[in-house]
Amino acid sequence: MAHLFNRNVLLGVSGGIAAYKSAELVRELQVRGAQVRVIMTHGAQEFITPLTLQALSGYPVHTELLDEHAELGMGHIELARWADLLLIAPATADLIARLSTGRADDLLTTVALATPAPLMIAPAMNQQMWKDQATEANVNTLLSRGVQIVGPAAGLQACGDVGPGRMEAPAVIADAAERLFASGKLAGKRVVITAGPTREALDPVRYISNNSSGKMGYALAQAAVDAGAITTLVSGPVSLSAPEHTRVFQVHSAEEMLQQCLRLLPECDIFIACAAVADYRPRIVEQQKIKKGPQEVTLQLVRTPDIVAAVAAHEHRPYTVGFAAETNDVLAYARDKMQRKDLDMIVANDVADQAIGFNSDDNAVTVLWRDGEQPLARASKSTIARQIVHLIAQQA
Ligand code: C5P
């Protein structure tokens, strides 16, 4: 297995005695195919020198937030963008507290805020500090944001205590990082995702559409690829490039989207309807551009096909997931929609809050299935997508 092949792992090292194990962790990540760059906090440098990690990683170690030389090379925003995974090991109690409150008072915490990549941490601290309610609350905050936590292991500690708080073994941490990318959760499963808006033509140059950016659907496609799925996007017009290893069918209207999805059904195990399909289309599509005329005109609209309901009613029915954007009684309406359209799962989105949802980079949702539900706290669409894919893999 070298599932970290071609993956960029940004390793954050904070100031605990377990920092000496980070040297071995660099090696374990590289053995699995990763490119590794390292950020050290000031505390970490009291335990292990940057030179050690530079020699092992093959790159200069990053230590300063405000460093004009560093910013000339690879600055903190570039580092944040470079990473496919930010892995912090060891993560001390202080670092976990700073992450949970969103502090950005050094390079590592700033990059943690600035990166769209998933965050995985391997806590390491005295067992009493680990058990403290403050740490517990901070860890729960991070968990609710989709942060992956590896360990800690229990056993004899450097301070002489015995209990939970030892950093997990480097090989165990590297395995967890590998699983994140090739979880195999959906290995070999064929996933079809609809994304973006549809355009319903009025005449050769005009159409009815909506503001859907397609970001959520494309993030789901990336998460499905990462989970090992054979992934297909059926996409309305958006200005996004598709993730690698994804087959894309570009469509315009709801009818085209439906036909393309039906064609794909014989090779589909999981169908995720994320597109913002127009509910109505003009009854007549004029062959020529409509001329300006009277002060008032009336458009006659007719309903478009309900794609996800058609898929769910099909004889080759895949595991079918829909979305429900609601402004009030979100969960009740979503559950009703799931039953009406005969879906296996629905992702309920409260769009009363303008700051999240339709066209933003973040989302906050509740995922409902027939006998359960799971709220997912506000996070980037890529984090939410990974969590949705994780739940689909569990339930499908
Ligand atoms: O009925 P409503 O539009 O609220 O349902 C939203 C869900 O149904 C989403 O999953 C959306 O992709 C899907 N849908 C569809 N075809 C339509 C309308 C909605 O697949 N014509």
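Just follow the structure's listing: the first ligand is 1, and inside any ligand the first atom is 1. Only a predicted model underlies this, so the values are computations on that prediction, with no experimental measurement involved.
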*Asks:* Which atoms of ligand 1 are found less than 4.0 Å from any heavy atom of P305?
*Replies:* 16 (N), 17 (C), 21 (N)

*Asks:* Among the heavy atoms of A324, does any lie under 4.0 Å from an atom of ligand 1?
*Replies:* no

*Asks:* Under 4.0 Å from a heavy atom of T304: which atoms of ligand 1 are those, numbered in the order shown and with their elements?
*Replies:* 21 (N)

*Asks:* Taking the non-hydrogen atoms of A254, is any one of them nearer than 4.0 angstrom to ligand 1?
*Replies:* no

*Asks:* Is it true that atom NZ of K131 has more than 12 heavy atoms of other residues, nucleotides or ligands lying nearer than 6.0 Å?
*Replies:*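 Counting neighbours around NZ of K131, more than 12 heavy atoms of other residues, nucleotides or ligands fall under 6.0 Å, so yes.
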
*Asks:* Nearest to atom 4 (O) of ligand 1, what protein heavy atom do you find, and at what distance?
*Replies:*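 Going by distance alone, atom 4 (O) of ligand 1 is nearest to K337 NZ, 2.3 Å.
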
*Asks:* Judged by atom type as modelled, is there a donor-acceptor pair below 3.5 Å linking the side chain of T327 to the main-chain atoms of V351?
*Replies:*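 No, the answer is negative, given that no donor and acceptor are paired below the 3.5 Å cut-off.
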
*Asks:* Near V308, which atoms of ligand 1 are under 4.0 Å from a heavy atom of that residue?
*Replies:* 8 (O), 13 (C), 15 (C), 20 (O)

*Asks:* Is it the case that T141 and N138 place a side-chain donor and acceptor less than 3.5 Å from each other?
*Replies:*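 No donor-acceptor contact under 3.5 Å links the two side chains.
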
*Asks:* Strictly by salt bridge (charged side-chain N to carboxylate O under 4.0 Å, His left out), give each pair with a member in residues 331-344 just once, sequence neighbours left out.
*Replies:*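 Residue pairs with at least one partner in residues 331-344: D306-K341, R317-D342, R317-D344, E326-K337, R335-E373, D336-R340, D342-R370, D344-R370.
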
*Asks:* For the side chain of E64 and the backbone of D106, is there at least one donor-acceptor N/O pair under 3.5 Å apart?
*Replies:*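 Pair absent, no side-chain N/O of E64 close to backbone of D106.
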
*Asks:* Give the atoms of ligand 1, by number and element, whose distance to some non-hydrogen atom of A275 is under 4.0 Å.
*Replies:*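 Under 4.0 Å from A275, ligand 1 has these atoms: 11 (C), 12 (O).
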
*Asks:* Checking a contact table here: which protein heavy atom is nearest atom 18 (C) of ligand 1, and how many Å away?
*Replies:*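 For atom 18 (C) of ligand 1, the nearest protein heavy atom is V277 CB, 3.8 Å.
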
*Asks:* Using a strict cut-off of 4.0 Å, indicate which atoms of ligand 1 neighbour a heavy atom of G322.
*Replies:*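 Checking each atom against G322, I get 10 (O).
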
*Asks:* Does R206 come within less than 4.0 Å of E200, counting only side-chain N to carboxylate O?
*Replies:* no

*Asks:* List the closest protein heavy-atom neighbour of atom 7 (C) of ligand 1: residue, atom name, distance to the nearest 0.1 Å.
*Replies:* F323 O, 3.0 Å

*Asks:* By number and element, which atoms of ligand 1 are closer than 4.0 Å to a non-hydrogen atom of K341?
*Replies:* 1 (O), 2 (P), 5 (O), 6 (C), 7 (C), 8 (O), 19 (C)

*Asks:* Just by modelled atom types, is the E28 backbone N or O under 3.5 Å from a matching donor or acceptor in the R32 side chain?
*Replies:* yes

*Asks:* Starting from atom 3 (O) of ligand 1, what is the nearest protein heavy atom, named by residue and atom, and what distance separates them?
*Replies:*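 The closest one turns out to be D279 OD1, 4.0 Å.
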
*Asks:* List the residues meeting side-chain contact (heavy atoms from CB on, under 4.5 Å) with Y280, not counting sequence neighbours, and say none if there are none.
*Replies:*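 Scan of Y280 (side-chain contact (heavy atoms from CB on, under 4.5 Å), adjacent residues dropped) gives L301, R303.
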
*Asks:* Provide, to 0.1 Å, the distance between atom 16 (N) of ligand 1 and the closest protein heavy atom, together with that atom's residue and name.
*Replies:*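 Nearest neighbour among protein heavy atoms for atom 16 (N) of ligand 1, to 0.1 Å: I307 N, 3.0 Å.
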
*Asks:* Is it true that atom CZ of R190 has more than 12 heavy atoms of other residues, nucleotides or ligands lying nearer than 6.0 Å?
*Replies:*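 Yes, enclosed.
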
